Structure formats: C-alpha cells, structure tokens
Amino acid sequence: MSRSITIHVRLGARSYPVEIGSGILPRSLARHPFLAKARVMIVADSKLKLVARRVARHFGRQCVGVCLLRGGEATKNIST
C-alpha cells in the first residue's frame with residue numbers, strides 16, 4: 001500500500017494542494033480521467049532528472065518530452 005501526505009499551499013485564489021509520496025501518479029490519473037488521453041510535457045528541476053524521466057516513461061507515447069530547468073526561484077515563472 002502506498003502512503004502519501006497532502007500539503008496545502010495557501011496563496012489565496014492561487015492556492016493548490018501538493019501530494020507527496022510513492023505511487024501517487026496512478027491515483028492522480030484515476031482522479032483526473034482527462035489526463036488519460038492528454039499529451040504531456042514533464043517540466044522539472046534539473047536535480048529531479050531521474051524522477052522526471054521515470055514519470056515520462058509512465059506516460060509512454062503521451063509524453064512529448066522532458067524539460068529540465070535550473071533550480072531556484074528565478075526559473076519559477078511562466079516565461080521560463
């Protein structure tokens with residue numbers, strides 16, 4: 001059985017949940033069935049390269065690529 005925790009990032013209208021744990025991707029896909037047919041791009045911090053590639057493999061042909069960004073706050077914006 002996989003275990004996870006959910007942390008709520010409180011940013012007013014921009015608030016969102018973050019789920020942390022193992023085995024969460026299949027559960028997330030089950031909760032959001034539109035993802036089953038979606039084309040996806042994995043965007044991750046370069047330190048998470050191995051995890052990002054594992055997630056990309058899970059999506060198979062649905063994944064159009066993996067984009068690795070430098071870590072840090074400077075890359076956390078829509079233009080990057």
Side-chain angles (χ1 to χ4, degrees):
M1 178 179 204
S2 62
R3 297 177 57 136
S4 66
I5 62 169
T6 301
I7 296 171
H8 297 280
V9 178
R10 300 190 192 290
L11 298 172
R14 298 181 306 132
S15 297
Y16 58 92
V18 175
E19 190 171 358
I20 302 169
S22 62
I24 61 175
L25 186 57
R27 287 196 314 270
S28 294
L29 292 174
R31 279 195 302 259
H32 306 288
F34 67 89
L35 289 175
K37 296 180 181 179
R39 305 280 291 169
V40 298
M41 166 72 78
I42 307 302
V43 179
D45 184 307
S46 60
K47 293 178 183 176
L48 298 173
K49 177 169 66 172
L50 296 177
V51 174
R53 289 190 174 152
R54 192 172 344 146
V55 171
R57 281 194 302 275
H58 179 84
F59 277 102
R61 289 185 168 177
Q62 284 180 259
C63 184
V64 298
V66 175
C67 177
L68 299 173
L69 303 175
R70 284 179 287 124
E73 295 300 312
T75 60
K76 293 180 183 178
N77 59 68
I78 197 69
S79 63
T80 302

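Owing to the predicted nature of the structure, the values given are computational and were not obtained by experimental measurement. Note that the numbering runs from 1 along the sequence shown for the chain. Basis for what follows: all heavy atoms, side chains included, without hydrogens, waters or symmetry-related copies.
Hydrophobic clustering, with ILVMFWY side chains joined whenever heavy atoms are under 4.5 angstrom apart, groups Met41 together with Leu69.
In this structure, Ile20 shares a hydrophobic cluster with Ile5, Ile7, Val9, Leu11, Tyr16, Val18, the cluster being traced through Ile, Leu, Val, Met, Phe, Trp and Tyr side chains under 4.5 angstrom apart.
Val66 meets the side chain to side chain contact (heavy atoms under 4.5 Å, CB included) test with Ile42, Ala52, Ala56, Leu68; sequence neighbours excluded. In terms of the side chain to side chain contact (heavy atoms under 4.5 Å, CB included) criterion, residue partners of Glu19 (sequence neighbours excluded) are, by chain and number, Ser4, Thr6, Ile24, Arg27, Ser28, Arg31.
Side-chain atoms of Gln62 come within 3.5 Å of backbone atoms of Ala38 as a donor-acceptor pair (strictly under, hydrogens ignored).
Residue pairs meeting the salt bridge (Lys or Arg N to Asp or Glu O under 4.0 Å) criterion with at least one member in residues 4-18, sequence neighbours excluded, do not occur. Identified under the salt bridge (Lys or Arg N to Asp or Glu O under 4.0 Å) test for residues 49-71, with sequence neighbours left out: none.
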